[in-house]
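Structure record follows, encoded as structure tokens.
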Amino acid sequence: ILSGLREQQKQDRELRLLHAAAHCFRSAGYGNATIEDIARQAGLSPGTVYNYYGHKGEMLIALVAMEVNDVLKAGESFVRNPSLDVLDSVDGLIGLFLEKSLIYLDKESWRHAIAASIEQPDAVFASHYTDLDARLADQISRMLMTLQRLERIHPNIDPQVFGRMLFNNMNNQFIEFVKDAPREMKQLRDDLHYQHAALCRLIEIG
């Protein structure tokens with residue numbers, strides 16, 4: 001019982017730490033936020049912070065992972081029970097990805113996360129980031145498989161390939177979105193809807 005309680009306390013402390021990091025990244029900017037700032041916001045000592053994370057970049061990828069895990073959990077409803085309208089299903093799932101992407105991280109923090117994954121492709125950070133992307137792409141593909149079983153998508157379409165294509169398009173547009181500070185989420189979603197409408201017409205039945 002005591003070991004279980006200690007583990008729960010450790011998890012609660014880490015969650016508090018990550019929420020503090022998200023607050024500091026947003027308020028001070030990722031580049032300006034320090035471990036000391038994050039520790040103070042979390043009500044912990046800097047030494048305790050280092051027991052969990054070696055540097056703030058590790059906290060950044062942990063926040064990315066939190067967002068992705070939230071998205072994946074919520075997105076399973078689209079996989080199990082998608083709209084019979086293919087575009088509605090694609091819009092819904094991708095819209096969920098996008099709306100949840102700014103809960104913990106702002107655009108500046110995303111720019112740092114993306115840059116780190118590109119600049120250090122062999123680092124653990126980058127491999128974790130790539131794995132998270134793969135899980136999101138897989139969820140789109142699994143939703144398309146469901147639609148194919150429901151005879152809403154042509155049987156000769158490969159859901160894995162098409163799901164990856166939809167994800168890559170969304171991901172590329174999201175990168176442009178975080179690079180462009182004034183660009184609003186609504187504009188991004190409208191642009192993706194227009195692009196994906198053309199793609200969905202190629203694969204849907206009827």
Side-chain angles (χ1 to χ4, degrees), residues 22 26 61 63-118 121 126 128-206:
R26 283 182 176 277
I61 192 59
L63 286 167
V64 172
M66 279 179 60
E67 288 197 329
V68 171
N69 288 329
D70 285 353
V71 165
L72 290 168
K73 184 177 179 180
E76 282 304 302
S77 62
F78 286 89
V79 175
R80 293 191 304 269
N81 188 33
S83 166
L84 294 181
D85 183 290
V86 177
L87 179 58
D88 280 352
S89 290
V90 170
D91 270 351
L93 184 55
I94 285 180
L96 180 68
F97 290 178
L98 295 173
E99 291 299 335
K100 286 187 174 292
S101 69
L102 297 180
I103 291 177
Y104 300 120
L105 300 178
D106 59 7
K107 286 189 175 186
E108 184 200 358
S109 297
W110 272 111
R111 287 196 293 271
H112 282 278
I114 293 166
S117 71
I118 294 170
H128 194 175
Y129 189 96
T130 301
D131 177 64
L132 293 169
D133 273 0
R135 291 170 64 196
L136 290 170
D138 177 69
Q139 190 168 63
I140 298 174
S141 296
R142 288 189 294 110
M143 183 184 72
L144 296 179
M145 289 176 192
T146 303
L147 287 165
Q148 197 170 54
R149 286 195 299 271
L150 294 170
E151 299 182 342
R152 298 304 304 143
I153 289 177
H154 288 290
N156 61 330
I157 294 296
D158 185 332
Q160 291 283 356
V161 172
F162 206 86
R164 169 55 72 175
M165 183 169 65
L166 288 170
F167 173 79
N168 286 344
N169 185 56
M170 179 204 72
N171 202 35
N172 289 336
Q173 291 295 320
F174 182 73
I175 291 170
E176 293 303 313
F177 167 73
V178 298
K179 285 164 54 180
D180 184 355
R183 191 178 182 192
E184 298 289 338
M185 178 62 76
K186 183 180 184 304
Q187 182 183 352
L188 172 61
R189 292 192 64 173
D190 287 347
D191 289 346
L192 285 170
H193 173 84
Y194 178 78
Q195 294 163 12
H196 292 161
L199 293 172
C200 288
R201 283 195 294 270
L202 299 175
I203 66 170
E204 65 185 347
I205 295 174

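Residues take their numbers from the sequence shown, with the count starting at 1. Here the structure is a predicted model, which is why all the values come from computation and not from measurement.
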Worksheet, complete the sentence: Residue pairs meeting salt bridge (charged side-chain N to carboxylate O under 4.0 Å, His left out), one or both in residues 80-105, sequence neighbours left out, come to Glu99-Arg189
Worksheet item: For the residue pair Leu147 and Pro82, what are the closest heavy atoms and their distance?
Response: CD2-CG, 3.8 Å
Worksheet item: Just by modelled atom types, is the Leu192 backbone N or O under 3.5 Å from a matching donor or acceptor in the Gln173 side chain?
Response: no
Discussion item. Is it the case that the side chains of Asn169 and Gln195 hold a donor-acceptor pair, with the cut-off being a distance below 3.5 Å and no angle test?
Written reply: yes
Worksheet item: Side chains of Phe162 and Ile140: closer than 4.5 Å at any heavy-atom pair?
Response: no
Item to complete: Any chance you could measure Ile203, atom CD1, to His154, atom NE2, to the nearest 0.5 Å?
Response: 8.5 Å
Practice prompt. Quick one: closest heavy-atom pair of Leu132 and Ala65, and the distance?
Written response: CD1-CA, 3.8 Å
Worksheet item: Which pair of non-hydrogen atoms, one from Arg183 and one from Gln187, has the smallest distance, and what is that distance?
Response: CG-OE1, 3.6 Å
Fill in: Distance (rounded to the nearest 0.5 Å) between Arg111 CZ and Ile175 CD1
12.5 Å
Worksheet item: Has the side chain of Asn172 got a donor or acceptor atom that lies under 3.5 Å from a matching backbone atom of Asn168?
Response: yes
Worksheet item: Taking the side chain from Ser89 and the backbone from Ser83, do they hold a donor-acceptor pair closer than 3.5 Å?
Response: yes
Fill in: Inter-residue atom distance Leu84.CG - Thr146.OG1, 0.5 Å rounding
11.0 Å
Response to the item:
Heavy-atom closest pair (Ser141 atom, Gly163 atom, distance to 0.1 Å) is OG-CA, 3.4 Å
Worksheet item: What do the steps show when you test Val64 against Ile61 for side-chain contact (heavy atoms from CB on, under 4.5 Å), and what is the final call?
Response: CA-CA 5 Å; Val64 172; Ile61 192 59; 4.1 Å; yes
Worksheet entry | Heavy-atom closest pair, residues Gly75 and Leu93 | CA-CD1, 3.8 Å
Discussion item. Could you tell me if the side chain of Leu102 sits less than 4.5 Å from the side chain of Trp110, heavy atoms only?
Written reply: yes
Worksheet item: Below 4.5 Å, heavy atoms only, C-beta onward: do Val90 and Cys200 meet side chain to side chain?
Response: yes
Discussion item. For the CZ atom of Phe177 and the CG atom of Leu98, what is their distance to the nearest 0.5 Å?
Written reply: 8.0 Å
Worksheet item: Under the salt bridge (charged side-chain N to carboxylate O under 4.0 Å, His left out) rule, what pairs show up with a residue in residues 151-177, not counting sequence neighbours?
Response: Glu176-Lys179
Discussion item. Distance check, rounded to the nearest 0.5 Å: Glu204 atom CD versus Leu87 atom CG?
Written reply: 7.5 Å
Item to complete: Taking the side chain as every heavy atom from C-beta outward, state whether Leu144 and Leu166 have any atom pair closer than 4.5 Å.
Response: yes
Discussion item. Looking at every non-hydrogen atom in both residues, tell me the closest pair between Ile205 and Pro155 and how far apart they are.
Written reply: CD1-CD, 4.4 Å
Item to complete: Write out all pairs satisfying salt bridge (charged side-chain N to carboxylate O under 4.0 Å, His left out) with one or both partners inside residues 128-146, taking only residues at least two apart or from two chains.
Response: Glu76-Arg142, Asp138-Arg142
Response to the item:
So CD1 of Ile118 and OH of Tyr129: to nearest 0.5 Å the spacing works out to 7.5 Å
Item to complete: Decide yes or no for Tyr104 and Asp70: does some side-chain heavy atom of the first lie under 4.5 Å from some side-chain heavy atom of the second?
Response: yes
